[in-house]
Amino acid sequence: HGLNTDDHYNWLFDHGEKGNLIDALKELRAEGKIRHIGFSTHAPAHIIKKAIETDVFDYLNLHYHFMGSYTASGDGTEGQLEGNAENIRLAQKHDMGI
């Protein structure tokens with residue numbers, strides 16, 4: 001489950017001639033078959049940030065612990081783990097449920 005990789009992001013937003021999955025979700029919302037579009041994720045923080053910045057999603061489910069910021073992927077740069085604290089703030093700025 002989840003939007004966890006660049007491939008998953010591309011299936012949603014940049015799938016070429018086959019069409020983008022996000023367009024199907026938007027159509028279902030316009031038809032009243034769904035009310036909200038969201039995603040769960042175990043992705044590195046930079047992928048989560050990219051998804052939040054699309055302004056398409058109403059909510060997200062991600063890992064954040066009261067004792068510190070981390071991602072379930074454990075991915076990081078130069079030995080530093082990426083955390084989700086900034087993504088929590090960014091999602092709030094984009095009026096997303098968390």
Side-chain angles (χ1 to χ4, degrees):
H1 69 279
L3 195 162
N4 298 316
T5 67
D6 283 319
D7 284 341
H8 296 160
Y9 181 90
N10 290 337
W11 293 339
L12 279 163
F13 296 104
D14 193 21
H15 203 52
E17 292 179 18
K18 293 183 180 181
N20 298 321
L21 293 175
I22 199 66
D23 294 332
L25 293 171
K26 287 179 179 179
E27 185 176 316
L28 290 170
R29 183 169 53 190
E31 293 171 0
K33 294 181 179 178
I34 61 174
R35 292 190 316 194
H36 303 287
I37 299 174
F39 68 98
S40 63
T41 184
H42 297 281
H46 69 278
I47 294 174
I48 298 168
K49 178 182 179 189
K50 187 164 62 168
I52 292 169
E53 290 175 338
T54 65
D55 279 325
V56 171
F57 299 104
D58 302 304
Y59 67 92
L60 77 148
N61 180 7
L62 76 164
H63 290 92
Y64 185 78
H65 194 274
F66 72 94
M67 293 187 64
S69 179
Y70 72 97
T71 65
S73 67
D75 190 42
T77 308
E78 298 177 25
Q80 300 295 318
L81 295 179
E82 293 183 306
N84 278 322
E86 289 300 319
N87 284 329
I88 297 276
R89 287 188 274 279
L90 184 62
Q92 289 175 326
K93 186 176 180 181
H94 286 260
D95 197 29
M96 294 176 67
I98 303 169

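For the side-chain hydrogen bond (donor to acceptor under 3.5 Å, both in side chains) test, no residue two or more places apart in sequence or in another chain qualifies with Lys49. Checked against salt bridge (Lys or Arg N to Asp or Glu O under 4.0 Å), Arg35 has no partners two or more places apart in sequence or in another chain. Listed by chain and residue number, Glu31, Lys33, Ile34 satisfy the side chain to side chain contact (heavy atoms under 4.5 Å, CB included) test with Leu28 (two or more places apart in sequence, or in another chain). In this view, His15 satisfies the side-chain hydrogen bond (donor to acceptor under 3.5 Å, both in side chains) rule with no residue, not counting sequence neighbours. In this view, Asp14 satisfies the side-chain hydrogen bond (donor to acceptor under 3.5 Å, both in side chains) rule with no residue, not counting sequence neighbours. A search for side chain to side chain contact (heavy atoms under 4.5 Å, CB included) contacts involving Tyr59 returns His36, not counting sequence neighbours. The side-chain hydrogen bond (donor to acceptor under 3.5 Å, both in side chains) check on Asn10 picks up nothing, with sequence neighbours excluded. Residues meeting the salt bridge (Lys or Arg N to Asp or Glu O under 4.0 Å) test with Lys93, sequence neighbours left out: none. Checked against side chain to side chain contact (heavy atoms under 4.5 Å, CB included), Thr5 has the following partners two or more places apart in sequence or in another chain: Asp7, His8.
With a 4.5 Å cut-off on side-chain heavy atoms, Phe39 and Leu12 do not count as touching. Residues Thr54 and Tyr9 have side chains in contact (heavy-atom distance under 4.5 Å, counting atoms from C-beta outward).
A 6.0 Å sphere centred on CG of Asp95 holds no more than 12 heavy atoms belonging to other residues, nucleotides or ligands.
The side chain to side chain contact (heavy atoms under 4.5 Å, CB included) test with Leu60 singles out one residue from Asn84, Leu3, Ile98, Ile88, and that residue is Ile98.
The list of side-chain hydrogen bond (donor to acceptor under 3.5 Å, both in side chains) pairs with a residue in residues 19-30, not counting sequence neighbours, reads Arg29-Asp58.
The distance from atom CG of Asn87 to atom NE2 of His94, rounded to the nearest 0.5 Å, is 10.0 Å.
A salt bridge is absent between Glu53 and Lys50; no separation between the charged side-chain nitrogens and carboxylate oxygens falls under 4.0 Å.
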